[in-house]
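Proteins get letters first, then strands, A, B, ... in listed order; numbering begins at 1 in each. All of these numbers come straight from a predicted model, not from anything done at the bench.
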Amino acid sequence: MSDYRSQSRSGGGRGGQEYSNDDDPPMSRLFIICNKAHTEEDFREAFSPYGEIEDIWVVKDKHTQENKGIAYVKFSKTSDAAKAQEEMNGKTIGKMDRTLKVLVAANRNQGSNKSENEQEKYVRLFIVIPKTATEEDIREEFSQWGDVESVTIVKEKNNGNPKGFGYVRFTKFYYAAVAFENCSAKYKAVFAEPKGSTRTQRDQYGRPSEDNPLYSSSGRGNSNFNGGGSSSGGGGSSSYNNDWNVSQNNDMAAFLRMQNVPVAQPSCLEVNVSNCVNQDQLWRLFDIIPGLDYCQIMREHGPRTNEALVVYDNPEAAIYAKDKLHGLEYPMGERIIVKVNGMSSARMDTSFIDKRTKKDAICNVPLPPTQPLASPDDQVAQRLFIVLSANLPHSILKNIFSCWSGLIDVYLLPNKNCGYVKYAEVESAQLAIRTLNGAEICGTKIKVMEAEERSGSDGDDGGRKRLRRN
DNA sequence: CGACGGGACGC
DNA sequence: CGACGGGACGC
């Protein structure tokens, strides 16, 4: 959804031929400089071995009808076009004297732009990369599609922190095309614009990039947090199990699986701490008190302070932690502020007394055990809209919603207490609504409902509009 | 030498 | 009662 694929003007449907969008998929149309004597059939014969052809157009002079010696061949698949381009460039068709020059066609509205080393445009992918991935990880992942010439992870110039995106350069257009078509959707791979070029339009909604002062919330690129001292777990970068799914493996998930252990109400603390204290240090500090379930720096709270969420599996531990750590100078000269989060103390007392057995310490309703996630490539079967009464860390939400199988993604809108959850299974989404709507997570109330269609989508299902007939 | 036709959804 | 993310390269 919302990628270039949906912008093709194919009406869908059967029967009638569609006029394919020239740039869908990208780089799938070839521009051929040839002999005036070449016919459409010549090109069909020569190029159809490489894959399905959507359109062949031999350009003629408007008035004289004479061939201009150029032609366009549009393939269905980028990789087929790539193969054809590489193999047919410089070849001749039949007994023609002239060798073909085969290039990837430029966008319709920009006309001829020969100049830059042609290949530059076709061999590089621009991808979204998790901040913890190394260039070696990416090279290994993308080498399965072809020879990788280089990987570049873009970093902040000041501190060297990764910016979350980068480039993979292949040795051939064909390899880049295969990687583009087959790599996981989480990379959001697109062909990279050549270095100096002005970027094309961003997305169909917003403007290119409005700087949001809510970016570098966690002081030091400490990205995601894996619970206790558990070492970073950079391990198997095999298939899908890297940092997008990191919360699958952490202590919290393990904790949630211990569903048979009766536990008391969870208790959350809100902590303000100097931004020179990192995630790990903060965890160690609060882990002095037994019962720590969760500890995460959430956002900036002031120029030199962060706000963190700390969760214990019982109220006594939380109260004890508050008594002992509130006002502590850590480090020297920087006081830690600890207060009870989410629920009023009255409510806390109630839950303290009301010790019914719960399946876990995070949510006030029973939850099934953690289920497998869907891959980011899977199709969204249902999207939910969630509203929180206060912020919760993404990893907690992900863990909660992964109690039903086929979770694809959870995200909160920046600066708001609402967001979206995507499932690959309608049934899971419905169960999540039934179970979680109105529940509390760490004392934060949550509403869960079906999301409205985003406006302006070409939604091809559901709606009452769009009866198509023939 | 080398850059753009044909045809036309469904409100 | 809250509604749509992320991603352009030290010229």
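Contacts of A/Ile70 with the nucleic acid, taken as non-hydrogen atoms under 4.0 Å apart, involve only primed sugar atoms and P, OP1 or OP2. Residue A/Leu384 is classed as having no contact, given no heavy-atom separation below 4.0 Å to the nucleic acid.
You can call A/Tyr167 stacked on the base of C/dC9; the centres are under 5.5 Å apart and the planes sit within 30°. A distance cut-off of 5.5 Å between ring centres, combined with a plane angle under 30°, places A/Phe31 in a stacking arrangement with the base of B/dA3. In this structure, the aromatic ring of A/Tyr411 is positioned over the six-membered ring of the base of C/dG5, centres within 5.5 Å and planes within 30°.
Separating the CD1 atom of A/Ile153 from the C1' atom of C/dG7 is a distance of 14 Å, rounded to the nearest angstrom. Rounded to whole angstrom, the span from the CG atom of A/Asn437 across to the C1' atom of C/dC1 amounts to 13 Å. Rounded to whole Å, the distance from CD on A/Glu40 to C1' on B/dG5 is 11 Å. If you measure from atom NZ of A/Lys416 to atom P of C/dG6, you get 12 Å, rounded to the nearest angstrom. Between the P atom of C/dA3 and the CG atom of A/Leu388 lies a distance of 13 Å, rounded to the nearest Å. In this structure, the OH atom of A/Tyr72 is 3 Å from the C1' atom of B/dA3, given to the nearest Å. The CG-P distance, from A/Asn417 to C/dC4, rounds to 14 Å in whole Å. Regarding A/Met449, its CE atom lies at a distance of 7 Å from the C1' atom of C/dG2, rounded to whole Å.
Proximity note for A/Val154 (side chain, C-beta onward) versus C/dG10, C/dC1, C/dG6: the nearest is C/dG10. Checking C/dA8, B/dC1, C/dA3 against the side-chain heavy atoms of A/Leu413 singles out C/dA3 as nearest. For A/Trp57, whose side chain is taken as the heavy atoms from C-beta onward, the closest listed nucleotide among C/dC9, B/dG5, B/dA3 is B/dG5. Of the listed nucleotides (C/dA3, C/dG7, C/dC9), C/dA3 has the atom at the smallest distance from the side chain of A/Ala451. Comparing B/dC4, C/dC9, C/dC4 by their nearest atom to the side chain of A/Glu452 picks out C/dC4. When distances run from any side-chain atom of A/Arg98 to the nucleotides B/dC1, C/dG7, C/dG2, the shortest one goes to B/dC1. Nearest nucleotide to the side chain of A/Phe385, out of C/dG2, B/dC4, C/dG7: C/dG2. With C/dG7, C/dG2, C/dG10 as the candidates, the nucleotide lying closest to the side chain of A/Lys157 is C/dG10.
In this structure, the ring pair (Phe, Tyr, Trp, His ring centres under 6.0 Å) partners of A/Phe126, at least two apart in sequence or on a different chain, are A/Phe165, A/Tyr167. Residues meeting the side-chain hydrogen bond (donor to acceptor under 3.5 Å, both in side chains) test with A/Asn67, sequence neighbours left out: none.
Without hydrogens or angle criteria, A/Ser428 side chain to A/Ser405 main chain gives a donor-acceptor distance under 3.5 Å. Although no hydrogens or angles enter the test, the distance criterion places a donor-acceptor pair under 3.5 Å between the side chain of A/Asp42 and the main chain of A/Thr39.
No hydrogens or angles were tested; on distance alone, nothing pairs the side chain of A/Lys186 with the base of C/dG5 as donor and acceptor under 3.5 Å. With hydrogens and angles left out, the side chain of A/Arg29 and the base of B/dC4 share a donor-acceptor pair within 3.5 Å.
Near-neighbour residues of DNA chain B inside residues 58-69 of chain A, defined by a heavy atom below 4.0 Å, number-ordered: A/Lys62, A/Lys68, A/Gly69.
Counting only residues at least two apart or in different chains, side-chain hydrogen bond (donor to acceptor under 3.5 Å, both in side chains) contacts with residues 90-99 of chain A comprise A/Asn35-A/Asp97. Within the structure, ring pair (Phe, Tyr, Trp, His ring centres under 6.0 Å) contacts touching residues 418-448 of chain A (residues at least two apart or in different chains) are A/Phe385-A/Tyr420, A/Tyr411-A/Tyr420. Screening residues 424-446 of chain A for ring pair (Phe, Tyr, Trp, His ring centres under 6.0 Å), with sequence neighbours left out, gives no hits.
When each of A/Ile33 and A/Ile56 is assigned the nucleotide of DNA chain B with its nearest heavy atom, A/Ile33 is the one assigned upstream, toward the 5' end. Residue A/Tyr420 is the one, among A/Tyr420 and A/Phe165, whose nearest nucleotide of DNA chain C lies closer to the 5' end (criterion: closest heavy atom).
Glycosidic conformation of C/dC9: anti, with the torsion beyond 90° of 0. In this entry the base of B/dC1 is syn relative to its sugar, with a glycosidic angle within 90° of 0.
Ring planes of A/Phe31 and A/Tyr72: tilted class, angle from 30 to 60°.
A salt bridge links A/Glu86 to A/Lys172: one of the charged nitrogens lies within less than 4.0 Å of a carboxylate oxygen.
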